[in-house]
Visitor: 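Here it is, the structure in full.
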Amino acid sequence: MGTVTEPGVTSAAPAAASQPQETIDGFQLVIEALKLNGLDTIYGLPGIPITDLTRRAQADGIRVLAFRHEQNAGYAASIAGFLTQKPGICLTVSAPGFLNGLNALAHATTNCFPMILISGSSEREIVDLQQGDYEEMDQLAVAKPVCKAAFRVLHADDIGVGIARAIRAAVSGRPGGVYLDLPAKLFAQSIDAAAGRKTLIKVVDPAPKQIPAPDAIERAVALLRSAKKPLIVLGKGAAYAQADADIKALVERTGIPYLPMSMAKGLLPDTHAQCASAARSFVLPEADVVLLIGARLNWLLSHGKGKTWGGKSSKDWGGQKFIQVDISPQEADSNVRIDAPLVGDIASVVAALLKEAGSLPRPPAEWVGAIDERKNKNIAKMAETLAKDPSPMNFHSALNVVKEVIKANPETVLVNEGANALDFTRSIVDMYKPRKRIDVGTWGIMGIGMGYCVAAAVTTKQQVLAVEGDSAFGFSGMEVETICRYNLPVCIVVMNNNGVYKGTDVDPTGRDPAPTVFVKGARYDKIAEAFGGVGVNATTPAELRKAIDEAFRSRKPTLINAVIDETAGTESGRITSLNPSAQKKKA
Ligand code: ADP
Ligand code: TZD
Ligand code: MG
C-alpha cells in the first residue's frame, strides 16, 4: 500500500488510481443475478421505477414480454413456473401495478406454482411516514398474506442474496409465489463492479429432492396390497414434478385405474385403458384405497367425503383409505384422515413406489371390469352426442372439432377457461401428453387465458390453442395485441354464447341488459384484425375446423369467434351445486 498524498491518489500507483473506478448499479445487478440463475424471461409492464430495468434486461439478452395489464403478465409468470419448474418472473411498477400483479401472485401460491413478483416501490422514508409519495404503498406488508415469502432489498450489495432467497422460496418444498420489493433508490445505487458481482449467488440445488421415509413407503404399499378396489388420482402436482415416465410406469405396472385431475390430463393419454375419467362418478364412491399423487382433497375432490365419495350426507366419510403423496407434510388430514401420508417430492416417492410395484397383486378383475362397463357406456353415449350437428352450433359440436384437432396435434398446449366452455372442454377433449392442458386451476378463476397463452407459446415454442368462454376471454382480451405484437403461434377460440353461462337472461324490469348477458352477436374475431392478426367468424363445425387448421398451418395469431347456441349452457357449468341459489332450491 502506498501512502496517500492527495485524495484518491497514492504515491505508489498514481496512474492506476487515477482511472475511474468501474462501478455497477442496482439495475445491472438485478439483471445479472437473474441471468446467473437461468431466469431468462420477464413478463411485465414498464413504468417508474422499472422502465430501465425492462430496457436493459432486453439489451442484455433477457426476453422481456411487455403486457397491457400486470394481471396478465402475472398469470403468464405463474404458468411459466408450472411449465418449467423455474420461477416465472413478473415485473411491475409500484402500488397500482403491484396490486394488479398481486392477484396472480396469490394465484401462484394457491396453485403451488413457483413465481416471483418483482415490483419497484417508492421511497421507504416517505412511505413509512405516510407522507404521500408517488404511488405510495407499503407493498411488502400487503403482499405477505398472499404469498409464500416476501423480501425487500435496500442495498445493492444485497441484491444477490435477495434474488437467491426468492428463488429458493419459490421452488423448494411446496412451490409458491414470492414477492420481492425493490425500491426505486436501489436501482440507482452504484457499487464497485468486481465487489458487486462477487455478491451474486448462483443458487445450488434450488429444489432439493425430498426422499420419502422407508417406513412410510411400507405403510402405503401394505395398504395398496390390501385393496380390492384401488384407485390412483393424479393431480397437477404430479404434472409439475416432471416424473412422467415413472408415473406412467407406476400406473401401468400396478394396473390400478387412475383419474387425472384437470391439469394432470395427458400425463398418460386420456384414451389409456386404465383411465377412469369417463367413470368418475362410479369410481370415487366405490374405491376402497385411493392413492393421491400431487392432488389435494379440496373442493375439486369434494373434500374427500360426502355423496361423491359414497357418504350418506354431505359431511359423511365414505370409508375410503387414503394414501397421499405430497411434498407438504401439513397437507395430510386437511379434510379427512390420511392413512398413509407419503411426504416427499413426487419423483422420489414414485421411484420408491415403483420398486414395490411388481410385488403388488393386480386389481381384481371385477373392479376393472365394472369400471370398463360404466366407462364404455358413457363414452358411447358421449360419441352419440358429439356426432350430432345441430344448428346453431352447440358446445358439443364445436368441441368435437377441438377434440379431433388435439388428437391430430397432441403437442398443442390447450389453454381453457369459462364455465360451460371449461367443463365441456375438460370432459370432451382428450389430452395425450403431460402439461399440455392449463386452465383455471384451484380457484376456478377467469382471466388466466391470454397470459397463459403468451407464456405457453414462449416457454414451449409449441402451437397454443385457447378455448375461451366469451366472458372468460373478456378478462384478458386486450392481450390479443400482445400476442400479435410478439407474433406468437396462438389460436384463440371464443365460445360465444352471448354471456355468462347463457345469453338468454333478461332484466325483469325491462330497463337494462341482464347482468349475465353481453352484446348479442358480438364479433370477437375483429379484435385480432385490429392488431394485424387473423380473425374468423365460425358458425359451423366445418368452418371452425378449417379456421383452426389454417391457424396451425400458418402459426399466425388467430382469433375465431365460434357462434354457440345461446341457450346451450347451464348455470355455473358443472359446479351448479356450489351456487347458493341452487342450494336454496334444493333445501
Ligand atoms: P389438483 O388441483 O390437480 O388436484 P392440487 O393443486 O390440489 O392439484 O395439488 C397439488 C399438490 O401437489 C399440492 O398439495 C402440492 O404440495 C403438491 N406438489 C407440488 N409439487 C410437488 C412435488 N414436486 N412433489 C410432491 N408434491 C408436490
Ligand atoms: N371473476 C373471476 C376472477 N373468476 C370467476 N370465476 C368469476 C368471476 C365468476 N365466473 C365463473 O366462475 S365462470 C364465469 C364467471 C364470470 C364466466 C362464465 O361465462 P363464459 O363461459 O362465457 O366464460 P360459458 O361457456 O358461457 O359458461
Ligand atoms: Mg359464455
Side-chain angles (χ1 to χ4, degrees), residues 26-27 29-31 33-34 37 39 42-45 47 49-50 53 70-71 73-82 86-130 133 135-187 189 199-201 203 206-207 327-328 330 442-443:
F27 284 121
L29 284 165
V30 171
I31 291 164
L34 293 174
N37 285 289
L39 301 174
I42 292 174
Y43 305 90
L45 201 159
I50 50 104
L53 186 57
E70 292 88 349
Q71 182 170 301
Y75 287 145
S78 75
I79 205 67
F82 169 77
K86 288 196 289 186
I89 304 293
C90 176
L91 179 63
T92 80
V93 302
S94 11
F98 156 77
L99 285 173
N100 285 345
L102 200 58
N103 197 325
L105 189 68
H107 165 77
T109 307
T110 299
N111 283 273
C112 316
F113 299 159
M115 163 182 174
I116 303 173
L117 174 66
I118 302 179
S119 296
S121 59
S122 302
E123 296 314 328
R124 283 251 49 78
E125 293 83 347
I126 305 178
V127 172
D128 288 350
L129 276 170
Q130 300 177 29
D133 201 1
E135 297 193 347
E136 174 181 298
M137 174 175 273
D138 185 358
Q139 295 167 197
L140 191 70
V142 173
K144 269 184 184 161
V146 300
C147 63
K148 188 178 168 195
F151 305 100
R152 178 187 291 134
V153 182
L154 294 178
H155 299 291
D157 49 14
D158 285 332
I159 286 172
V161 167
I163 288 182
R165 300 210 73 189
I167 292 169
R168 277 201 192 277
V171 299
S172 64
R174 171 182 277 178
V178 176
Y179 176 59
L180 188 62
D181 194 88
L182 302 183
K185 260 191 194 165
L186 178 79
F187 295 118
Q189 279 178 30
T199 64
L200 301 184
I201 295 173
V203 177
I327 201 151
S328 166
Q330 294 170 51
T442 302
W443 266 346

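Numbering of residues begins at 1 and proceeds along the displayed sequence.
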Visitor: Report yes or no: does D157 contribute a side-chain atom to a donor-acceptor pair with the main-chain N or O of T199 at less than 3.5 Å?
Guide: no
Visitor: Take L154 and L186 through the test side-chain contact (heavy atoms from CB on, under 4.5 Å) and record every step on the way to the result.
Guide: CA-CA 6 Å; L154 294 178; L186 178 79; 5.8 Å; no
Visitor: Looking at R168 and P206, what are the two nearest heavy atoms and their distance?
Guide: NH1-CA, 3.8 Å
Visitor: To check you understand the geometry: which heavy-atom pair defines the closest contact between A149 and A169, and what is its length?
Guide: CB-CB, 3.8 Å
Visitor: To check you understand the geometry: which heavy-atom pair defines the closest contact between L105 and C147, and what is its length?
Guide: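 Between these two residues, the closest heavy atoms are CD2-CB, 3.6 Å.
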Visitor: I want to check something: taking the side chain as every heavy atom from C-beta on, are I42 and I118 in contact at a cut-off of under 4.5 Å?
Guide: no
Visitor: For the CZ atom on R152, are there more than 12 heavy atoms of other groups (residues, nucleotides or ligands in this structure) within a distance under 6.0 Å?
Guide: yes
Visitor: Can you name the nearest heavy-atom pair linking P49 to G120, along with the distance?
Guide: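 So the minimum-distance heavy-atom pair works out to CG-CA, 3.7 Å.
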Visitor: So, taking the atom named OG in S78 and the one named CG in L117, what distance separates them when rounded to the nearest 0.5 Å?
Guide: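 Reported value, rounded in 0.5 Å steps: 11.0 Å.
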Visitor: So do the side chains of M137 and S121 get within less than 4.5 Å of each other, counting heavy atoms only?
Guide: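 SC-SC contact between M137 and S121 ruled out.
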Visitor: If only atom types and distance count, is the side chain of N37 paired as donor or acceptor with the main-chain N or O of I201 below 3.5 Å?
Guide: yes
Visitor: Go through the steps for L102 and F98 under the test side-chain contact (heavy atoms from CB on, under 4.5 Å), then give the verdict.
Guide: CA-CA 6 Å; L102 200 58; F98 156 77; 3.9 Å; yes
Visitor: So how far is it from L180 CG to R165 CZ, rounded to the nearest 0.5 Å?
Guide: 11.5 Å
Visitor: Could you check whether any side-chain heavy atom of I163 comes within less than 4.5 Å of a side-chain heavy atom of V30, counting everything from C-beta outward?
Guide: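 Result yes, sub-4.5 Å side-chain heavy-atom pair found.
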Visitor: Could you tell me the separation between the OG atom of S119 and the CG atom of L91, rounded to the nearest 0.5 Å?
Guide: 7.5 Å
Visitor: Quick one: closest heavy-atom pair of A156 and L29, and the distance?
Guide: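 Heavy-atom minimum between the residues: O-CD1, 3.6 Å.
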Visitor: Looking at T109 and G177, would you say the former's side chain and the latter's main chain have a donor-acceptor pair under 3.5 Å?
Guide: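 Yes: the side chain of T109 pairs with the backbone of G177.
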Visitor: Checking the side chain of T442 only, and the main-chain atoms of N111 only, is there a donor and an acceptor separated by less than 3.5 Å?
Guide: no
Visitor: Taking the side chain from E70 and the backbone from T92, do they hold a donor-acceptor pair closer than 3.5 Å?
Guide: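 No; zero donor-acceptor contacts below 3.5 Å.
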Visitor: Any chance you could lay out the side-chain contact (heavy atoms from CB on, under 4.5 Å) test for Q139 and Y179, step after step, and finish with the verdict?
Guide: CA-CA 9 Å; Q139 295 167 197; Y179 176 59; 2.8 Å; yes
Visitor: Can you label the angle between the H107 ring and the F113 ring as parallel, tilted or perpendicular, going by 30° and 60°?
Guide: perpendicular
Visitor: Once rounded to the nearest 0.5 Å, what's the spacing between atom CG of N100 and atom CD of Q71?
Guide: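 Between N100 CG and Q71 CD, I get 7.0 Å after rounding to 0.5 Å.
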Visitor: Closest heavy-atom contact between P87 and L39?
Guide: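 Looks like O-CD2, 3.7 Å.
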Visitor: Can you measure from CD1 (I50) to CG (L182) and round to the nearest 0.5 angstrom?
Guide: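 The distance works out to 10.0 Å.
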Visitor: Nearest 0.5 Å, what's the OG-CG distance between S122 and D138?
Guide: 11.0 Å
Visitor: Just by distance, do the side chain of K185 and the backbone of R124 share a donor-acceptor pair under 3.5 Å?
Guide: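 Checking the backbone N and O of R124 against the side chain of K185, no donor-acceptor pair under 3.5 Å is found.
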